[in-house]
Amino acid sequence: MAEEIYTAMIEIQCKELRMPGLRKAYAALAREATDDGHSMVRFLSACLTEELESRKQSRLQTYTQQAKFPVHKTFEEFDFTAIPGLPKLRLLNLAGGQFIQGKENVVCMGPSGTGKTHVAIAIGMSAIAAGYRVRFISVMQLVQELLQAESEFRLPRYLRNWDKYDLVCLDELGYVSLSQGGTLLFQFIADRYEKGSLLMTTNLEFARWVDVFHDATLTTALLDRLTHHSHILLFDAESYRFRESQQRSGVTA
Ligand code: ADP
Ligand code: MG
């Protein structure tokens, strides 16, 4: 058979087998193998490596899109000296994703502007790089979606939809009273309990959560679940945002 026929077949076969990486790379790898006198086994290995790498890249891209981060933030951009009380090593350990393996939780607690959301996103992005599925959502949006799902009688299906994520980053449990949404948020957290990891950011210390959920029994049950197997990170330095704006305006902190 003429070489072109094999080329055409490879094109079709790679499409059918869904191997876009191989399809893109094989010609150059074949040329390289011929020029450098590599064995066929080595060539095959190079082809498979290329396909695996391409799959990893496209998974990374898909998972990052699905995570719906509001912005992209990394640990490289994070100034640890701004929050001296934050245990850097423990944080970088969390970035490794072992806590997700153990279905443990993380709570980032501290005043506004201290980098909680930044760290939540950075942990989420590292988790994706480690192969986990992540979803980032604000408490407000989640509660709205829960209320809507309930009013449309599709709450169980809505909750099941979250099972596919290894890590859910729940951003900004704040002062807004959740009234009936509080029970649903409790249900969400209870439903996730020991099924997958949850990372929550909040500017409220635990003692004040009852102001949001109103019901003391429910709040205790929620804290029980959330803080069981949990890493609590305290962001207690002066607000980074505040310090930056002061520096910009020439005021020394
Ligand atoms: P929080 O969620 O605690 O209110 P954010 O994470 O939204 O705070 O931080 C506010 C802004 O300041 C973001 O743009 C964030 O990237 C930046 N920021 C906060 N802390 C740091 C830090 N230690 N190093 C670098 N950037 C920071
Ligand atoms: Mg925040």
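This chain uses plain numbering: 1 for the first residue, then up along the sequence. Quantities reported herein were computed from a predicted structural model and do not represent experimental measurements. Every number for a ligand or one of its atoms is a count from 1 in the order of the listing.
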**Request:** Answer with side chain, backbone, both or neither: which part of Glu172 has a heavy atom less than 4.0 angstrom from an atom of ligand 1?
**Result:** neither
**Asked** Is the charged tip of Lys68 near the ring of Phe136: under 6.0 Å from the six-membered ring centre and within 45° of its axis?
**Response**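 No, Lys68 and Phe136 do not form such a contact.
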Taking 4.0 angstrom as the limit and counting only heavy atoms of [X], give me the atoms of ligand 1 inside it, by number and element.
{"X": "Ser112", "answer": "4 (O)"}
{"X": "Ala82", "answer": "23 (N)"}
{"X": "Thr114", "answer": "1 (P), 3 (O), 8 (O), 20 (N)"}
{"X": "Glu77", "answer": "24 (N), 25 (C)"}

**Prompt:** Are any of the N or O atoms of Gly113 closer than 3.5 Å to those of ligand 1?
**Reply:**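 Yes - when backbone and side-chain N and O of Gly113 are compared with those of ligand 1, one distance drops under 3.5 Å.
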**Prompt:** Do any nitrogen or oxygen atoms of Phe78 come within less than 3.5 Å of a nitrogen or oxygen of ligand 1?
**Reply:**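 No, Phe78 has no N/O under 3.5 Å of an N/O on ligand 1.
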**Asked** Can you tell me if Asn203 has an N, O or S atom under 2.8 Å away from the Mg ion (ligand 2)?
**Response** no
**Message:** Show, in sequence, the C-alpha distance, side-chain angles and deciding distance for Ser112 and Asn203, and conclude whether the side-chain hydrogen bond (donor to acceptor under 3.5 Å, both in side chains) test is met.
**Reply:** CA-CA 6 Å; Ser112 173; Asn203 56 6; 5.9 Å; no
**Request:** Would you check if the side chain of Arg192 reaches a backbone N or O of Ser197 as a donor-acceptor pair within less than 3.5 Å?
**Result:** yes
**Asked** Just by distance, do the side chain of Thr201 and the backbone of Glu172 share a donor-acceptor pair under 3.5 Å?
**Response**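 Yes, the answer is positive, given that a donor and an acceptor are paired below the 3.5 Å cut-off.
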**Prompt:** Aromatic rings Tyr193 and His228: how do their planes relate, parallel, tilted or perpendicular, breaks at 30° and 60°?
**Reply:**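 Geometry flag for His228 against Tyr193: tilted rings.
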**Request:** Evaluate the side-chain proximity of Leu170 to Leu185: yes if any heavy-atom separation is below 4.5 Å, no if none is.
**Result:**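 Result yes, sub-4.5 Å side-chain heavy-atom pair found.
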**Item:** Thr201 near ligand 1 by a heavy-atom separation under 4.0 Å
**Value:**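 No.
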**Prompt:** Relative to atom 2 (O) of ligand 1, which among Ile83, Thr74, Thr117, Val71 owns the nearest non-hydrogen atom?
**Reply:** Thr117
**Item:** Check: Phe78 ring centre within less than 6.0 Å of Phe80 ring centre
**Value:** yes
